[in-house]
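Heads up, the thing below is written out as structure tokens.
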Amino acid sequence: MPQIPLQTARLDLIPLTDEHLAEEIALDADPDVTHYVWGRPRTREEVLASHAQRMERGRQIDGLGFWAGFARDEPGRPFVGWWILGPLHGPDQGDWRTSPGVAELGYRLHRRFWRQGFASEGSRELLRHGFEELGLHRVIAQAVTDNMGSRAVMESVGMRFVRSWDEPDGEVEYAVTRHAWFSRHLS
Ligand SMILES: CC(C)(COP(=O)(O)OP(=O)(O)OC[C@H]1O[C@@H](n2cnc3c(N)ncnc32)[C@H](O)[C@@H]1OP(=O)(O)O)[C@@H](O)C(=O)NCCC(=O)NCCS
């Protein structure tokens, strides 16, 4: 199943393409947005490289990848940010080839949309899609320990703390299983 467009009450979630590159560059130019990710804003060239990696991750497992989110009912249908429900990657997550039923959830939003429920709204839809339509059995999310906003989103969508590493300034991982998701949403 290829990656498909999704909708929530307020968001159109569109599979990321090269057409969204300018939005990604503008997003990463804000130091507040990148504070807990890179510690500084990112240059156009750096975002170009990230965009290529995002597109590559979108090709690894059918149905998984990045989505660009747009606020459907706001004038001009502005870009809110991006979400990922993607294959595992990197040394802290393991190899996606050996964990096909496990995915990583993530999000990065423009500051003007923070604290309005957008990150959790998009995340809930990606979890629903992942468990109900893609047959995932577990979704994880990771953040630096101090990123309380990101951790609050994880809690808000039903993920639970699993582990931390690189203490004291390290990272945390949260997760939700297919079983927990269905227990929560069918009860
Ligand atoms: C982290 C981020 C995605 C949160 O997005 P958001 O749209 O403001 O989050 P929501 O409005 O959906 O909030 C969900 C919950 O988190 C809480 N929350 C959001 N930001 C918070 C913060 N900075 N501190 C504490 N709690 C926070 C909300 O109050 C809400 O709690 P509730 O469910 O109990 O009501 C956003 O701040 C962002 O894009 N930050 C920069 C990029 C980033 O750090 N991404 C994550 C990398 S791991």
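In listed order, ligands and their atoms are each counted from 1. Along the sequence shown, residues carry numbers from 1.
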Taking atom 38 (C) of ligand 1 as the point of reference, which of Y107, F113, W82, W114 owns the nearest heavy atom? W114
Could you pull out, from R115, H110, R111, the option with a heavy atom nearest to atom 27 (C) of ligand 1? R115
What's the verdict on ring pair (Phe, Tyr, Trp, His ring centres under 6.0 Å) for W82 and F66, showing C-alpha distance, side-chain angles and the deciding distance? CA-CA 7 Å; W82 56 249; F66 286 77; 5.2 Å; yes
Got an N/O contact under 3.5 Å between M154 and ligand 1? no
Pairs of nitrogen or oxygen atoms closer than 3.5 Å, one from V33 and one from ligand 1: do any exist? no
Close N or O approach (A119, ligand 1; < 3.5 Å): yes
Looking at residues at least two apart in the chain, or sitting in another chain, which of them share a side chain to side chain contact (heavy atoms under 4.5 Å, CB included) with A52? none
Close-contact set for ligand 1 against A143 heavy atoms, below 4.0 Å: 48 (S)
Closest by any non-hydrogen atom to atom 1 (C) of ligand 1: pick that one out of G81, S156, S150, A152. S150
N147 versus ligand 1: do any nitrogen or oxygen atoms come within less than 3.5 Å of each other? yes
Does the structure place the NZ or CZ of R163 under 6.0 Å from the centre of the six-membered ring of W165, at an angle of no more than 45° from the ring's axis? yes
Ligand 1 atoms nearer than 4.0 angstrom to some heavy atom of S120 are 10 (P), 12 (O), 14 (C)
Numbering the atoms of ligand 1 from 1, which are under 4.0 Å from a heavy atom of Q142? 48 (S)
